[in-house]
Each structure stands twice: as C-alpha cells, then as structure tokens.
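Everything on this sheet refers to the single structure shown next.
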Amino acid sequence: MPLMPRDEAIDFNRRVIEEFRANAGRVGGILADSLVILVHHVGIRTGIGRVTPLICFPFDDQRRYAVVGSNGDSPVRPAWCANLAAMASTTVELGEETFSVTVEPLDDGTRSRLWSELFGEATGPDEFAARTGRQLPMFLLTRTT
C-alpha cells in the first residue's frame, strides 16, 4: 500500500479504530486477515495523545507482540515510530481488552532474529520490506498487566 496523503491516512486510521472498537477488535477491508492492535502513544513534538491501528504479531502465549514500522511500502518512516521509541511503556487495545505494555525498540540483531522467527522462509515480508528501500523498525510490546 503506497503512502497515502496525510488527510487520507488520518481518515483511514479513524475508520479502522471505529470499526475495531465496534466489533471487538475485528476489522475488514485490507486488514481483515490481520491481527490489529491499537497502540496509544504521545507525539514527541506535539505532546498530543494519539492512537494508531497496527498489524501485530503475537508470540510467547500472547504475552508479547511485535509491531513493524512499515507505513505501507513507503520509503518514509511512520511518525508513530519516533513517538513509541521515546516511551518506556504505553497502553494498547487488543480485541475487547485494554492493557499496559512495555515498549522495546529492537536493535538490528534482535530485529533480524525476531523477523526470521516470525516470518521464517516466507519471501513476501522480505519483498515488501525491500520495496521501502529502508530497514523497517520493529518494536516489541510486552504485556505488564
């Protein structure tokens, strides 16, 4: 999905959030087959609280969730990455649950190992990442409550 104009992206996220909250965390459209998590974060420049719907990859018996800063297949890093990198913890919504998580931006080595663990030999994620022309940042969200 190429980078949308800012207003379109804001509207898309708003609609996904509304659908997520109205349907116990289930959404349709291009995200229908993905597990979506709503990540709360604060703008590092603005101080404004934000909520961003992200595809997540659960592991460790749903105690940990990986999220990837893809921004579609855009060469531009998503703004939420800087916000999340500045936070030690935050709140997420998953299904009908809201809970606290610690936030860990992954270094290159840990990111590579987790990428391999999550995607294995599948070529799709690597091809998708290659289209961006940048290494996709990855964060680990670990449930604390």
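Residue numbers run from 1 in the order of the sequence given.
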**Request:** Could you name each residue pair satisfying side-chain hydrogen bond (donor to acceptor under 3.5 Å, both in side chains) that touches residues 26-41, not counting sequence neighbours?
**Result:** His40-Glu93, His41-Thr52, His41-Asn83
Qualifying residues under side-chain hydrogen bond (donor to acceptor under 3.5 Å, both in side chains), relative to [X], sequence neighbours excluded:
X: Arg64; answer: Asp60, Thr142
X: Arg113; answer: Thr110
X: Asp108; answer: Gln135

Could you pull out the closest heavy-atom pair between [X] and [Y], with the gap in Å?
X: Gly69; Y: Pro78; result: O-CD, 3.6 Å
X: Ala85; Y: Pro105; result: CA-CG, 4.1 Å
X: Val36; Y: Pro53; result: CG1-CB, 4.1 Å
X: Ser70; Y: Arg134; result: O-NH2, 2.6 Å
X: Ala66; Y: Leu118; result: CB-CD1, 3.8 Å

**Request:** To the nearest 0.5 Å, tell me how far Ile10 CD1 sits from Arg14 CZ.
**Result:** 10.5 Å
**Request:** Measure the CG-OG1 distance between Leu141 and Thr91 for me, rounded to the nearest 0.5 Å.
**Result:** 11.0 Å
**Asked** Under a 4.0 Å N-O cut-off, is there an ion pair linking Glu127 with Arg131?
**Response** no
**Request:** Before giving the answer on salt bridge (charged side-chain N to carboxylate O under 4.0 Å, His left out), spell out for Glu19 and Arg15 the whole-Å C-alpha distance, their side-chain angles and the decisive distance to 0.1 Å.
**Result:** CA-CA 6 Å; Glu19 184 177 10; Arg15 288 187 316 243; over 6 Å; no
**Item:** Side chains of Phe12 and Ile30 in contact at under 4.5 Å (non-hydrogen atoms)
**Value:** yes
**Prompt:** Is there a donor-acceptor pair under 3.5 Å between the side chain of Asp61 and the backbone N or O of Arg63?
**Reply:** no
**Message:** For Ile55, run the side-chain contact (heavy atoms from CB on, under 4.5 Å) check against Val68, Leu35, Val67, Leu31 and tell me which one passes.
**Reply:** Leu31
**Partner of Val103 under side-chain contact (heavy atoms from CB on, under 4.5 Å), chosen from Leu84, Leu140, Val92** = Leu84
**Request:** Could you list all the salt bridge (Lys or Arg N to Asp or Glu O under 4.0 Å) pairs where at least one residue sits in residues 135-145, not counting sequence neighbours?
**Result:** Glu97-Arg143
Would you say [X] and [Y] are hydrophobically clustered, going by side-chain heavy atoms of ILVMFWY under 4.5 Å?
X: Phe59; Y: Leu136; result: yes
X: Trp80; Y: Ile37; result: yes
X: Leu54; Y: Val51; result: no

**Message:** Could you work out, with ring pair (Phe, Tyr, Trp, His ring centres under 6.0 Å) as the rule, every residue matching Phe57, not counting sequence neighbours?
**Reply:** Phe119
